[in-house]
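Naming convention: chains lettered A, B, ... in sequence-line order (proteins, then strands); numbering from 1 in each chain.
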There are 2 protein chains.
Amino acid sequence: MPNMKEIAKQAGVGIGTVSRVINNSGYVKKETREKVEKVIRVNNYVPNEIARSMTSQKNNIVAFILPNSTHLFFGELLYHVEEELFKSGYKVMICNSSQKIEKEMIYLDMLKNNRVDAVILLTNNDIEKYLDKTLPILSFDRRFTDIPFVASDNYQGGILAAQKLIKAGCKNFMFIGDDAQGDNTPVYTEVTKRRKGFIEYLNKNNFTNIVNIEYPLGDYFIGCDEVYEMIKDYPNIDGIFTVSDAVAVAAIQALQKMGKRVPEDVKVIGFDGGRSFLNLGMRLTSISQSPELIAKAIGEIITSFYAKKTIQNQIIPVTFCDGDTA
Amino acid sequence: MPNMKEIAKQAGVGIGTVSRVINNSGYVKKETREKVEKVIRVNNYVPNEIARSMTSQKNNIVAFILPNSTHLFFGELLYHVEEELFKSGYKVMICNSSQKIEKEMIYLDMLKNNRVDAVILLTNNDIEKYLDKTLPILSFDRRFTDIPFVASDNYQGGILAAQKLIKAGCKNFMFIGDDAQGDNTPVYTEVTKRRKGFIEYLNKNNFTNIVNIEYPLGDYFIGCDEVYEMIKDYPNIDGIFTVSDAVAVAAIQALQKMGKRVPEDVKVIGFDGGRSFLNLGMRLTSISQSPELIAKAIGEIITSFYAKKTIQNQIIPVTFCDGDTA
DNA sequence: TTGTAAGCGTTATCAC
DNA sequence: GTGATAACGCTTACAA
């Protein structure tokens with residue numbers, strides 16, 4: 001691999017001139033430029049980005065820390081975040097934390113040692129005390145003091161679900177989720193607003209006694225049997241909203257085990273968007289998050305970190321997504 | 001952020017000594033070491049990895065070029081690849097190519113400009129002529145001359161599917177897939193062995209006239225209507241094997257549209273593993289690829305690139321995964 | 001316009 | 001054992 005010095009030598013110019021040609025910075029006489037460009041072409045020369053980072057102390061890499069890329073919504077989000085940041089010249093380094101705080105911290109440390117320029121943090125862990133607030137960190141769906149965040153309009157999502165279930169004639173409501181991390185960790189998550197919006201809207205419409213199922217924060221996958229144990233003692237429930245599509249699916253299976261028909265006996269609404277291309281049954285009714293819009297907001301915040309613009313938290317609209325289960 | 005010079009100054013030692021302490025290289029007197037370590041701790045000093053890369057010309061980042069992270073199997077593979085490489089100290093940069101060769105080439109170029117140390121390439125594009133064979137590139141499920149590759153035992157997968165369908169009493173077989181890229185691009189893909197293993201095994205067992213549906217290489221998602229158009233003129237088929245779970249699901253929906261019952265009238269087997277946690281219907285019968293084992297093989301090859309070990313292609317076993325559709 | 005030289009923050013080689 | 005010092009390959013003043 002030739003370096004800049006070699007190119008300069010071959011072109012019979014100084015190393016600074018080569019740099020100027022490459023970066024289109026400063027004045028370069030037309031003929032000189034052409035001469036240098038030719039040598040670059042002939043040698044198939046590409047500037048060494050490590051050396052470039054050496055002076056700029058930036059490398060245009062953003063780390064995305066998320067629980068996993070297996071969960072459909074995370075895979076979608078990752079896809080769009082990469083697409084969006086790519087437009088701004090950023091590359092994405094992925095960290096599957098599996099919710100382990102130790103792994104999250106290793107990736108967070110990469111900010112300090114200049115491996116990455118910024119971090120997108122999607123976690124339920126109580127990591128606040130380890131966050132250096134002076135570093136370019138952005139959080140999704142969680143609130144940390146002095147860290148900008150992006151979140152879906154979870155509260156509105158809860159309202160939309162409530163409205164749909166009321167309209168469908170439900171009378172006895174239930175919410176199922178592991179969003180209430182307040183009981184398990186001190187992390188303030190935006191996700192719990194799904195529950196809040198749902199319940200508060202129902203209350204406002206004179207539906208009280210909402211059955212509120214909270215289970216310990218899990219790994220985003222939950223089995224039918226687990227949900228069955230949670231709901232089996234509530235046979236008269238006829239409208240369920242869950243914290244995610246994954247839970248909704250498990251709930252529907254649990255209901256079937258209880259001998260209930262969905263949506264005839266019980267209506268179920270999930271959260272995320274019901275987009276599964278491997279589904280062989282009913283289409284799940286759901287509240288849809290937009291990974292595109294979320295990614296766009298994330299991209300804006302990331303670029304503003306280095307543009308010294310003021311950074312605004314962003315709440316992304318959600319939409320009702322019709323299906324067969326409610 | 002203090003640098004090594006600053007630490008050296010504060011500790012009253014030379015910069016070389018600090019380096020030796022950090023890297024545990026060369027001799028350092030115990031007291032000197034302790035003194036330096038204390039200053040490091042006090043200053044919260046972390047070595048700048050960009051500068052380290054400057055001398056080593058390595059940065060322990062591997063780029064994973066794949067069509068998308070949305071497709072369940074890709075999300076799983078990505079997850080395990082990151083996990084596996086993490087153990088060896090590598091970080092993974094993700095590139096969602098969306099099958100666009102231009103984007104693939106941009107990430108491939110990062111090898112030349114030292115942004116990444118190695119590339120994992122998962123593509124259907126005819127990119128062979130752009131590959132610099134002297135660079136550490138590894139391919140999954142595709143063969144390029146002089147590029148090591150990892151693939152599932154697709155041929156055996158085809159056999160397993162054939163065996164199951166024969167045992168289930170099927171007589172009239174069909175394969176559906178966009179794997180036959182030979183017609184569209186000159187890329188030699190290992191995936192087409194799914195078809196080959198299936199058909200050859202059937203032939204060997206005196207089943208001929210296998211209906212062979214090939215459609216142009218797509219984006220991994222296919223709709224029920226598209227598949228319906230492909231299969232509607234074959235009403236007497238009773239055993240179908242598809243190139244992927246996604247196609248199997250679309251096929252089952254198409255069959256239902258044709259008034260066929262699955263598995264009573266027609267049995268269907270997909271490929272990937274039938275692992276969907278958002279499925280509200282039958283469990284798909286499938287041939288399971290192991291993302292863990294694939295990731296492990298990929299990890300071995302990546303590490304051997306820099307260990308100067310000889311590099312072996314690896315074929316990863318597949319297993320039959322029982323379900324409700326065959 | 002262009003060449004030279006001083007960084008950028010490490011690692012590694014050498015004298016001492 | 002340890003401290004200078006020369007790379008590593010670029011960018012960016014600064015002088016010419």
#### Entry: Face-on cation placement of B/Lys133 at B/Phe144 ring, 6.0 Å and 45° thresholds
no

### Task
Whole angstrom is fine here: how far is it from CE in B/Met1 over to P in C/dG9?
12 Å

### Summary
On DNA chain D, more 5' by nearest nucleotide between B/Val13 and A/Thr55 is B/Val13

### Task
Remember a base hit wins even if backbone is also touched, and classify A/Ile15 as base, sugar-phosphate or nothing at under 4.0 Å, heavy atoms.
base

### Query
Just by modelled atom types, is the A/Gly75 backbone N or O under 3.5 Å from a matching donor or acceptor in the B/Ser69 side chain?
yes

#### Entry: Covered region of DNA chain D, 5' end to 3' end, by chain A [heavy atoms, under 4.0 Å]
D/dG9 to D/dA13

### Message
Could you check whether any side-chain N or O of B/Asn125 sits under 3.5 Å from a backbone N or O of B/Ile127, counting only pairs where one atom can act as donor and the other as acceptor?
### Response
no

### Summary
Residues in residues 23-46 of chain B with a heavy atom under 4.0 Å of DNA chain D, by number, are B/Tyr27, B/Val28, B/Lys29, B/Thr32

### Query
Okay, side chain of A/Asp219, backbone of A/Ser98: is any donor-acceptor separation there less than 3.5 Å?
no

### Euclidean distance, atom CE of residue B/Met4 to atom P of C/dG9 [Å, nearest integer]
11 Å

### Query
How long is the line joining CZ of A/Arg115 and P of C/dT10, in whole Å?
12 Å

### Message
Output the rounded distance in Å from CE (B/Met54) to C1' (C/dG7).
### Response
12 Å

### Task
Please say whether more than 12 non-hydrogen atoms of neighbouring residues, nucleotides or ligands are located less than 6.0 Å from OH in A/Tyr130.
no

### Residue closer to the 5' end of DNA chain D, A/Asn3 versus A/Arg20 (nearest nucleotide)
A/Asn3

### Task
Starting from P on C/dG9, measure out to CG on A/Asn59 and report it in whole angstrom.
14 Å

### Query
In chain order, what residues pass the side chain to side chain donor-acceptor pair (under 3.5 Å) check against B/Glu300, with sequence neighbours excluded?
B/Gln314

### Task
Check step by step if ring-ring contact (aromatic ring centres under 6.0 Å, His included) holds for A/Tyr220 and A/Phe73.
CA-CA 11 Å; A/Tyr220 294 93; A/Phe73 179 69; 9.9 Å; no

### Query
Under 4.0 angstrom, heavy atoms only, what part of the nucleic acid is A/Glu49 near: base, sugar-phosphate, or nothing?
nothing

## Note on the structure
Heavy-atom nearest pair, B/Ile7 first then B/Tyr45, reads CD1-CB, 3.6 Å

### Message
For B/Lys58, is there an ion pair with B/Glu49 - N to carboxylate O distance below 4.0 angstrom?
### Response
no

### Task
Quickly work out the B/Ile50 CD1 to C/dG7 C1' distance and round it to whole Å.
15 Å

### Task
Please check the phosphate of C/dG3 (OP1 and OP2 only) for any side-chain N or O of A/Thr17 closer than 4.0 Å.
yes

